[in-house]
Each structure stands twice: as C-alpha cells, then as structure tokens.
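Working notes, structure below.
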Amino acid sequence: MPKILPRKFYAEPTGKLARKLLGCRLVRERRGIRLAGRIVETEAYIGEKDLACHAHVGKTPRTRIMYGPPGVCYVYFTYGMHWLLNVVAEEEGFPAAVLIRALEPLEGLDVMGRLRPGKTALEFCRGPAKLTRALDIRGEHNGADLCRPGASIWIEPAAVGPLRIERTPRIGISRTPEPWRSKPWRFTIKGNHFLSR
DNA sequence: AGCACGATTAACT
DNA sequence: GTTAATCGTGCTC
C-alpha cells in the first residue's frame, strides 16, 4: 500500500509546504498504471494580498478551491491550452496553494512518452504544463483530494532527508506589481537537471 | 455581449 | 530572441 501524506502535512504556511514538497513523490494512477515523479520545483501563492495569486480577486467559482481544506488539488486552465497543478495549503478559509512546476520522472516513463510524443524523458515533466500533460492531469482533477485512499492522484513522502534548496523569485509573473513580483517564493532542488528553463 | 489577459509551450528566425 | 496557439475568467458596458 502507498504511504499517502496526511492532511496535516498540508496544513502549513505555504512557503514551508512548498519546501517540504521538494523530494516528495507525486503519483498519478491512470488505468491501473503508476505515473510518478519526484517534485523538484515548487512555487508558493499566498492569500488575497499576494497579487500574483489568483485569490487576489477574492472568492470566485475559479478560486473557491483555494479557500477550502488543504491537501486538495487546485487545477486551472491557462493560455487556452494548458492545465496547471497546485496543492492547496494552510488552514481552511485562507486561500493559498503550491504550484508544482517540475518533476523528475520515476515511474511509468513509457506511458509518459506516449503522452508527450517526440520528447525525451528530460522534457517529460520539465515545466508546470508539461508535467500535467505527462501525467494526464486535467480539469477533472480540480478539487481532487490528495489524502483520500483509493484516489487517482496523491503524494508520497520524500525518500531521503534534507536537500539543498535554492530560493528565487517566481516565474511568469512579470506583469505583477512589486513587491509581489520579486518575492523569493520559488523553491528548487539545487542543481537538479529536471528544473524548468 | 464584448474585451484583455494569462502561474506556458513549441516552433520558429 | 520572437511569436502563434487558443479559451476560461473576471471585468466593463
């Protein structure tokens, strides 16, 4: 049986959760096959005051998942073609989430190759929209509970201990005003080869 | 009803 | 380095 991270793991300040998720294994069970990768890059989006966070507009049909309990998927559609996967953080009522930006592929590489035609393993999950494509994560996973046994998506604990973690500003928010644009809320496993470009 | 824009990617030059 | 692809969301009229 997989060892699924419990809800209390996610009920943390968003930046702390973003760091804790590095090294953990994201697992997607699809048609009885495990597609999995090690989380190597995350970003924290923290509350209504954070102008880069979708919740800065308040509670809407799109953002309501972030206001709910932690340990739930917030999956949204952007640029007319891409799905992005987040994990809801903090206590229920405070809107925040961790964006999963890159994985090091570990299981189900053959299936990932079919879902990412023409790409090498290095490129399967090297970006937030690439990994949702490689793991076949889409809108139907919005609201999926990562803590429920028997689900089609969950996260398993890190296999090894503390990692060398690097902190940088978040990617892709160049139009967001300061000070939010420059907050060092992107976290990576330093030197990992599978980070987004 | 119409509009501008986006937590991106791939395919260009 | 530049740009098209493509549509849901939230805002304005």
Side-chain angles (χ1 to χ4, degrees), chain A residues 10 13-19 21-22 26 37 39-68 70 72-90 94-105 112-144 146 153 155 166-189 192-197:
Chain A
Y10 300 96
T14 317
K16 184 177 177 185
L17 177 61
R19 284 186 291 263
L21 283 170
L22 294 177
L26 175 66
I39 299 172
V40 298
E41 177 177 347
T42 59
E43 284 179 358
Y45 290 86
I46 315 177
E48 295 177 347
K49 291 178 184 169
D50 175 7
L51 294 185
C53 178
H54 291 162
H56 81 271
V57 298
K59 194 171 185 175
T60 66
R62 184 199 208 190
T63 63
R64 75 180 167 81
I65 294 291
M66 277 196 280
Y67 288 78
V72 168
C73 295
Y74 166 47
V75 180
Y76 72 91
F77 187 65
T78 191
Y79 290 103
M81 63 188 87
H82 300 306
W83 296 103
L84 272 62
L85 171 67
N86 298 252
V87 176
V88 176
E90 313 260 358
F94 185 91
V98 175
L99 172 67
I100 309 298
R101 284 195 59 90
L103 304 175
E104 178 177 336
M112 290 188 198
R114 259 173 265 140
L115 292 166
R116 300 271 296 132
K119 301 295 191 289
T120 63
L122 179 65
E123 284 295 320
F124 286 171
C125 301
R126 200 186 204 191
K130 295 176 183 177
L131 73 91
T132 56
R133 177 66 64 122
L135 271 58
D136 194 24
I137 293 167
R138 293 167 282 106
E140 67 192 52
H141 296 101
N142 189 39
L146 292 165
I153 183 169
I155 301 178
E166 193 157 37
R167 277 219 281 179
T168 78
R170 294 171 290 183
I171 303 294
I173 57 166
S174 59
R175 285 185 54 95
T176 300
E178 297 289 8
W180 311 105
R181 184 172 66 215
S182 297
K183 294 280 186 188
W185 290 348
R186 172 174 176 257
F187 303 92
T188 66
I189 294 179
N192 188 277
H193 292 161
F194 294 87
L195 302 178
S196 68
R197 70 177 173 83

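Quick note on labels: first sequence line is chain A, next is B, and so on, each numbered from 1.
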Checking side-chain polar atoms at under 3.5 Å, does A:Glu48 have a donor or acceptor matched by the opposite partner on A:Tyr67? yes
Holding to salt bridge (charged side-chain N to carboxylate O under 4.0 Å, His left out), I want the full list of residues that pass it with A:Glu123, two or more places apart in sequence or in another chain. A:Arg126, A:Lys130
Once you round it to whole Å, what is the distance between P of B:dT8 and CD of A:Glu41?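 Nearest whole value for this atom pair: 10 Å.
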Nearest-angstrom distance from the residue atom CZ of A:Arg197 to C1' of B:dT8: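 A:Arg197 atom CZ is separated from B:dT8 atom C1' by 9 Å.
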Considering all heavy atoms of both residues, which atom of A:Val88 and which atom of A:Met66 are nearest to each other, and what is their separation?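 Where A:Val88 meets A:Met66 most closely, the heavy atoms are CG1-O, 3.9 Å.
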Would you name the heavy atoms of A:Ala96 and A:Gly47 that are closest together and state the gap between them?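 For A:Ala96 and A:Gly47, the tightest heavy-atom pair comes out as CB-N, 4.1 Å.
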Taking the six-membered ring for Trp and the full ring for Phe, Tyr or His, determine whether the centres of A:His54 and A:Tyr45 are under 6.0 Å apart.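 No, they do not, as the ring centres are separated by 6.0 Å or more.
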Using a strict heavy-atom distance below 4.0 Å, which residues from residues 173-185 of chain A are in contact with DNA chain B?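 Residues of residues 173-185 of chain A under 4.0 Å from DNA chain B: A:Ile173, A:Arg175.
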So A:Tyr74 and A:Arg62, side-chain contact (heavy atoms from CB on, under 4.5 Å) or not? Walk me through it. CA-CA 9 Å; A:Tyr74 166 47; A:Arg62 184 199 208 190; 3.9 Å; yes
NA contact type, A:Arg116, heavy-atom cut-off 4.0 Å: base, sugar-phosphate, or nothing? sugar-phosphate
Within-4.5 Å side-chain heavy-atom neighbours: A:His82 and A:Phe77: no
Check the pair A:Arg170, A:Asp50 against salt bridge (charged side-chain N to carboxylate O under 4.0 Å, His left out), reporting the backbone distance first and the verdict last. CA-CA 12 Å; A:Arg170 294 171 290 183; A:Asp50 175 7; 2.8 Å; yes
Runs of at least three consecutive pairs that involve DNA chain B, where pairs are Watson-Crick or G-U with distances under 3.5 Å: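 When the pairs of DNA chain B are grouped into runs of at least three, the stems are B:1-6 with C:7-12, B:8-12 with C:1-5.
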Give a yes or no answer on whether the side chain of [X] reaches the backbone of [Y] with a donor-acceptor pair at less than 3.5 Å.
X        : Y        : value
A:Glu166 : A:Ile189 : no
A:Thr63  : A:Gly58  : yes
A:Thr132 : A:Ala129 : yes

I'd like to check the side-chain hydrogen bond (donor to acceptor under 3.5 Å, both in side chains) partners of A:Glu104; sequence neighbours left out, ordered by chain and number.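 With neighbours one apart ignored, the set is A:Arg38, A:Asn192.
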Charged N to carboxylate O under 4.0 angstrom, A:Arg101 versus A:Glu43?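 The answer is yes: the pair qualifies as a salt bridge.
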Let me have a per-nucleotide readout for nucleotides 5-11 of chain C, 5' to 3', with B, S or -, counting only protein heavy atoms under 4.0 Å. BBBSSSS
Heavy atom of residues 122-137 of chain A under 4.0 Å from DNA chain C: which residues? none
